[in-house]
Engineer: 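This is the structure I have questions about; it appears just below.
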Amino acid sequence: MRQSKTFIPTLKEVPSDATIPSHILMLRTGMVRMVGAGIYSFLPVGYKMIKKVSEIIREEMDAIGAQEFHLPALNPKEIWEETGRVEAFGDTMFHIKNRDYVLAPTHEEIMTFHAKGVVKSYKDLPQIWYQIQTKFRNEPRPRSGVIRGRQFLMKDAYSFDSSFENLDKSYDLHDKAYRKIFDRCGLKYFVVGASSGAMGGSKSEEFMVKSEAGEDTVAYCESCGYAANVEVAASITHGAPAHNDSPAIFEIPTPGVKSIDELCAFLKINEIETAKSRVYISSEKPVLVLMSGNDEVNETKLEAVLGDLRPGHPDELKELTGADAGSIGPVGFKGRIIADVRLKDANKLYSGANKNDYHIGGIDMNRDVPQAEYFDLRTVCSGETCTRCGKNLEVFKAIELGHIFKLGTKYSDAMGANFLDEEGKDHPIVMGSYGIGVERVLACFIEQNNDERGIVWSKALSPFDVHLLGLNMKKEAVAEASEKIYAELKNAGYDVLFDDRLDAQAGFKFNDADLLGAPLQIIVGEKNLQNGNLEVKVRRTGERSLIPLAGLIDFLKTTFDSMPA
RNA sequence: CGGGGUGUAGCGCAGCCCGGUAGCGCGCUUCGUUCGGGACGAAGAGGUCGUAGGUUCAAAUCCUAUCACCCCGACCA
């Protein structure tokens, strides 16, 4: 492609709306432009990338026997009512105003609709159907550029099997295909297993990438691969100390002390000697949650113990305990007490006195808080020990790139998609569902592969194999040589972007090339040309080589072709 | 939906407090010079100041409403 004739509106300045590297770079390289909140147009270079990623996905899906569909985004609402998901999606689903249609946020219903009544026999199974198409979700708050949009491209696949055992096989095929896809895309990712049943499924895995722009917080162990959402993640921590002697409790005036930090500073003690109280209301009843030191209550874990819960209001706290938050403690608390396991058997603890501006010392959990029930309630922190391998856990934010899960028969049941087994008996088809966010793959790659000059594409995803820069195209010798090389490169099968712009200066072209980030730059300059040479620069390393004109294609064969994908 | 912020030329911004001819940098057009890391000179084009209403002799500026976008939170199959 000739850059002079291609629409690649690069930006020198950083658009003020963009905050994360991938968003900034996608705008600056002219890949995308925003049309509305969470609505993006892909310009030619951006769309080229979409096609590259899609093609990798397509190849790996086809390799496991999946068949590609093209489904409507516009769906009759009644199909979605069959499964109760109009209500389940609520405001997240876009509704058409002048007809009873919705814009599909995913395609379980439509795929099941096609399977119903057509896939009738166990002989027709298994099937894996997929599509790579636009989804619509009325996100309350689109953000991070293309990462969370109201309209986005998703590869979604659905498997249809005759039994849960066979579903396992389809699921494993996807698991392997997904790893190949993300490997080929050159992403550093990890897999979070979850047993959530929100979609009626039995097992699911999320493919995630570490990123500040992420919307999930996960705990990850690099050495063994343990990964879990921080809401459910576990770690090994030592318990609070249990001393041999255990003197009786005593009251201490602590004027103005509200937080654990203040308490530690005031009494010159360590956090581990303290117990923090939080009051929740569960089923109308107060529950005191006792954590060691400044450990954070993990409400998801707490919810698993208590069921429904909400934090107590300040006036409720006062009424229940006689003190405000900051002076509440377990001793004398009337109501259920749930403590984190770190506090089991601990003694000589300091906690609130249920009297403003007073704390109690010398608390012995077994003696003074005998009614306490112990659970793992804390939120895992970076640096704690992995329960699986004993190495260090890291806690960070991550973006969900893909999700595979076993649906079971939720949709086939609801929509009556049944098949007949060998004995002529009716069964609902057993389904699986598998998604990949296509734009997210691109955005995550950019998040992981950029420097201060721009994007650093891999061979597999780069919009161009090489970027040919004719430095001063007004010089006849440069123009002539560049044109000749351009033709040669195309002949040799390379996808080349040729910066043939007459009016752009060298520095301008260099900066654009670094920004656009093709793996190799071939630089045709007047001085080198006089010696029969041109320069090849490797974008990732910045390494430059002088190559005789005639040796270019051979040089590329050994460098470009041997570069990692 | 709660909190905070921003809307002025294609992009980045100043002007607003204290009302009085709408500005700067980049980009764009033309000509000349330059030509290996975002050149220089000269001459130009380009704006209903988000929108609507109000106050005023006069509104980008003050008031009210509304819309859009960004950030934090809530939400996230």
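All chains are named by letter (A, B, ...) in the order of the sequence lines, taking the proteins before the strands, and each is independently numbered beginning at 1.
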Engineer: Take atom C1' in B:U29 and the same atom in B:U48, then report the distance between them in whole Å.
Structural biologist: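 Comparing C1' positions in B:U29 and B:U48 gives a spacing of 24 Å.
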Engineer: Taking N or O atoms only and anything under 3.5 Å, show me the protein contacts with nucleotides 68-72 of chain B, one pair per line.
Structural biologist:
{"from": "B:C69", "atom 1": "OP1", "to": "A:Ala37", "atom 2": "N", "distance (Å)": "2.9"}
{"from": "B:C69", "atom 1": "O2'", "to": "A:Asp17", "atom 2": "OD2", "distance (Å)": "3.0"}
{"from": "B:C72", "atom 1": "OP2", "to": "A:Arg141", "atom 2": "NH2", "distance (Å)": "2.4"}

Engineer: Could you work out the separation of B:U51 and B:G44 based on their P atoms and round it to a whole Å?
Structural biologist: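 Looking at atom P only, B:U51 and B:G44 are 29 Å apart.
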Engineer: What pairs of residues pass the side chain to side chain donor-acceptor pair (under 3.5 Å) test when at least one of them lies in residues 466-479 of chain A, not counting sequence neighbours?
Structural biologist: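 Side chain to side chain donor-acceptor pair (under 3.5 Å) check on residues 466-479 of chain A returns A:Gln3-A:His467.
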Engineer: Is B:U51 paired to anything, Watson-Crick or G-U wobble with both distances less than 3.5 Å, and if yes, which nucleotide?
Structural biologist: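 B:A65 is the nucleotide pairing with B:U51.
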Engineer: Round to a whole Å and report the spacing from CD1 of A:Ile110 to P of B:A77.
Structural biologist: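 Interatomic distance, CD1 of A:Ile110 to P of B:A77: 20 Å.
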Engineer: Between atom CD in A:Glu13 and atom P in B:A14, what is the gap in whole Å?
Structural biologist: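 So the two atoms are 13 Å apart, to the nearest Å.
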Engineer: Let me have the donor-acceptor pairs involving side chains of residues 541-548 of chain A, under 3.5 Å, with sequence neighbours excluded, atom names and distances please.
Structural biologist:
{"from": "A:Thr541", "atom 1": "OG1", "to": "A:Glu543", "atom 2": "N", "distance (Å)": "3.1"}
{"from": "A:Arg544", "atom 1": "NH1", "to": "A:Glu535", "atom 2": "OE2", "distance (Å)": "2.6"}

Engineer: Does anything in residues 443-458 of chain A form a salt bridge (charged side-chain N to carboxylate O under 4.0 Å, His left out)? List the pairs, not counting sequence neighbours.
Structural biologist: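 Listed by first then second residue: A:Asp451-A:Arg539, A:Arg453-A:Asp514.
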Engineer: Pair up each side-chain donor or acceptor in residues 23-46 of chain A with any protein partner under 3.5 Å, not counting sequence neighbours, and list the distances.
Structural biologist:
{"from": "A:His23", "atom 1": "NE2", "to": "A:Tyr40", "atom 2": "OH", "distance (Å)": "3.0"}
{"from": "A:Arg28", "atom 1": "NE", "to": "A:Leu11", "atom 2": "O", "distance (Å)": "2.8"}
{"from": "A:Arg28", "atom 1": "NH2", "to": "A:Leu11", "atom 2": "O", "distance (Å)": "3.4"}
{"from": "A:Thr29", "atom 1": "OG1", "to": "A:Leu25", "atom 2": "O", "distance (Å)": "2.7"}
{"from": "A:Thr29", "atom 1": "OG1", "to": "A:Met26", "atom 2": "O", "distance (Å)": "3.4"}
{"from": "A:Arg33", "atom 1": "NH2", "to": "A:Pro9", "atom 2": "O", "distance (Å)": "3.2"}
{"from": "A:Arg33", "atom 1": "NH2", "to": "A:Leu27", "atom 2": "O", "distance (Å)": "2.6"}

Engineer: Can you tell me how far C1' of B:C76 sits from CD1 of A:Ile147, to the nearest Å?
Structural biologist: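 Atom CD1 in A:Ile147 sits about 15 Å away from atom C1' in B:C76.
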Engineer: Atom CD of residue position A:Glu215 - does it have more than 12 heavy atoms of other residues, nucleotides or ligands inside 6.0 Å?
Structural biologist: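 More than 12 heavy atoms, drawn from other residues, nucleotides or ligands, come within 6.0 Å of this atom.
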Engineer: Which part of the nucleic acid, if any, lies within contact of A:Pro15, taking any heavy atom under 4.0 Å across all strands shown: a base, the sugar-phosphate backbone alone, or nothing?
Structural biologist: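 Since only primed, P, OP1 and OP2 atoms lie under 4.0 Å of A:Pro15, the category is sugar-phosphate.
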Engineer: What interatomic distance, in whole Å, is found between C1' of B:G41 and the corresponding atom of B:A52?
Structural biologist: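 Between the two C1' atoms, the distance is 46 Å.
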Engineer: Report the residues that fulfil salt bridge (charged side-chain N to carboxylate O under 4.0 Å, His left out) with A:Glu400, sequence neighbours left out, ordered by chain and then residue number.
Structural biologist: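 Salt bridge (charged side-chain N to carboxylate O under 4.0 Å, His left out) list for A:Glu400, sorted by chain: empty.
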Engineer: In whole Å, I'd like the distance from the CG atom of A:Asn533 to the C1' atom of B:G36.
Structural biologist: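 One finds 15 Å between C1' of B:G36 and CG of A:Asn533, rounded.
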Engineer: For the C1' atoms, the ones on B:G50 and on B:A59, what distance do you get once it is rounded to whole angstrom?
Structural biologist: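 Per the computed distance, 16 Å lies between those C1' atoms.
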Engineer: Students often mix this up, so state it plainly: with edges at 30° and 60°, are the rings of A:Tyr494 and A:Phe560 parallel, tilted or perpendicular?
Structural biologist: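 Because their plane-to-plane angle is over 60°, the rings of A:Tyr494 and A:Phe560 count as perpendicular.
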Engineer: Kindly give the atom pairs (protein nitrogen or oxygen, nucleotide nitrogen or oxygen) under 3.5 Å for nucleotides 37-40 of chain B.
Structural biologist:
{"from": "B:G37", "atom 1": "O6", "to": "A:Arg544", "atom 2": "NH1", "distance (Å)": "3.4"}
{"from": "B:G37", "atom 1": "O6", "to": "A:Arg544", "atom 2": "NH2", "distance (Å)": "2.2"}
{"from": "B:G37", "atom 1": "N1", "to": "A:Asp514", "atom 2": "OD2", "distance (Å)": "3.2"}
{"from": "B:G37", "atom 1": "N2", "to": "A:Arg453", "atom 2": "NE", "distance (Å)": "3.2"}
{"from": "B:G37", "atom 1": "N2", "to": "A:Arg453", "atom 2": "NH2", "distance (Å)": "2.1"}
{"from": "B:G37", "atom 1": "N2", "to": "A:Asn511", "atom 2": "OD1", "distance (Å)": "3.4"}
{"from": "B:G37", "atom 1": "N2", "to": "A:Asp514", "atom 2": "OD2", "distance (Å)": "2.5"}
{"from": "B:G38", "atom 1": "O4'", "to": "A:Asn511", "atom 2": "ND2", "distance (Å)": "3.3"}
{"from": "B:G38", "atom 1": "O2'", "to": "A:Lys12", "atom 2": "NZ", "distance (Å)": "2.9"}
{"from": "B:G38", "atom 1": "N1", "to": "A:Asp512", "atom 2": "OD1", "distance (Å)": "3.4"}
{"from": "B:A39", "atom 1": "N9", "to": "A:Gln505", "atom 2": "OE1", "distance (Å)": "3.3"}
{"from": "B:A39", "atom 1": "N7", "to": "A:Gln505", "atom 2": "OE1", "distance (Å)": "2.6"}

Engineer: Counting only Watson-Crick or G-U wobble pairs whose two distances fall under 3.5 Å, which nucleotide matches B:G41?
Structural biologist: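 WC or wobble partner is B:C31.
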Engineer: Under 3.5 Å for both donor-acceptor distances, Watson-Crick or wobble: does B:A74 have a partner, and if so which one?
Structural biologist: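 Result: none.
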Engineer: Do any pairs count as a side chain to side chain donor-acceptor pair (under 3.5 Å) and have a residue in residues 6-19 of chain A, sequence neighbours left out, and if so which ones?
Structural biologist: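 Every pair satisfying side chain to side chain donor-acceptor pair (under 3.5 Å) with a residue in residues 6-19 of chain A: A:Thr10-A:Asp512.
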Engineer: Should A:Phe510 and A:Gln505 count as side-chain neighbours, where that means a heavy-atom distance under 4.5 Å?
Structural biologist: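 Result no, sub-4.5 Å side-chain heavy-atom pair not found.
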Engineer: Let me know the distance between OH of A:Tyr434 and C1' of B:A77, rounded to the nearest Å.
Structural biologist: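 The distance from OH of A:Tyr434 to C1' of B:A77 comes to 16 Å, rounded to the nearest Å.
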Engineer: For A:Lys474, answer base if it contacts any base atom (sugar-phosphate contacts may also be present), sugar-phosphate if it contacts only those atoms, and nothing otherwise; contact means non-hydrogen atoms under 4.0 Å.
Structural biologist: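 The answer is base, as A:Lys474 lies within the cut-off (heavy atoms under 4.0 Å) of a base atom.
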Engineer: Tell me which nucleotide, if any, is Watson-Crick or G-U wobble paired with B:C26 when both distances must be under 3.5 Å.
Structural biologist: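 B:G10 is the nucleotide pairing with B:C26.
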Engineer: Considering only atom P, compute the distance from B:G47 to B:C11 and round it to an integer number of Å.
Structural biologist: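 14 Å, rounded to whole Å.
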Engineer: Which comes earlier along RNA chain B counting from the 5' end, the contact point of A:Arg137 or that of A:Leu529, where each point is its nearest nucleotide?
Structural biologist: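 With A:Arg137 and A:Leu529 compared, the 5'-side residue is A:Leu529.
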Engineer: Considering Watson-Crick and G-U wobble pairs with both distances under 3.5 Å, what does B:C17 pair with?
Structural biologist: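 The base-pairing partner of B:C17, which may sit in any strand shown, does not exist here.
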Engineer: Mind jotting down which residue pairs meet the salt bridge (charged side-chain N to carboxylate O under 4.0 Å, His left out) criterion with at least one end in residues 69-79 of chain A? Sequence neighbours excluded, please.
Structural biologist: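 The answer is A:Lys77-A:Asp100.
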Engineer: When rounded to the nearest Å, what value does the distance between P atoms of B:G38 and B:C26 take?
Structural biologist: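 Here B:G38 and B:C26 have their P atoms 14 Å from each other.
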Engineer: Once you round it to whole Å, what is the distance between P of B:A74 and CG of A:Asn138?
Structural biologist: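 So the CG-P distance, A:Asn138 to B:A74, works out to 19 Å.
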Engineer: Measuring only the C1' atom in each nucleotide, how far is B:C18 from B:U61? A whole number of Å is fine.
Structural biologist: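 B:C18 and B:U61 have their C1' atoms separated by 10 Å.
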Engineer: Measuring only the C1' atom in each nucleotide, how far is B:A60 from B:U6? A whole number of Å is fine.
Structural biologist: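 Roughly 15 Å separates the two C1' atoms.
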Engineer: If I take atom CZ in residue A:Arg148 and atom P in nucleotide B:C76, what distance separates them, rounded to the nearest angstrom?
Structural biologist: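 Value for this atom pair: 10 Å.
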Engineer: Is NZ or CZ of A:Lys135 both nearer than 6.0 Å to the six-membered ring centre of A:Phe152 and within 45° of the ring axis?
Structural biologist: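 Pair A:Lys135/A:Phe152 does not count as cation-pi.
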Engineer: Send over the distance from A:Leu471 CG to B:U34 C1', rounded to a whole Å.
Structural biologist: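 In whole Å, B:U34 C1' lies 15 Å from A:Leu471 CG.
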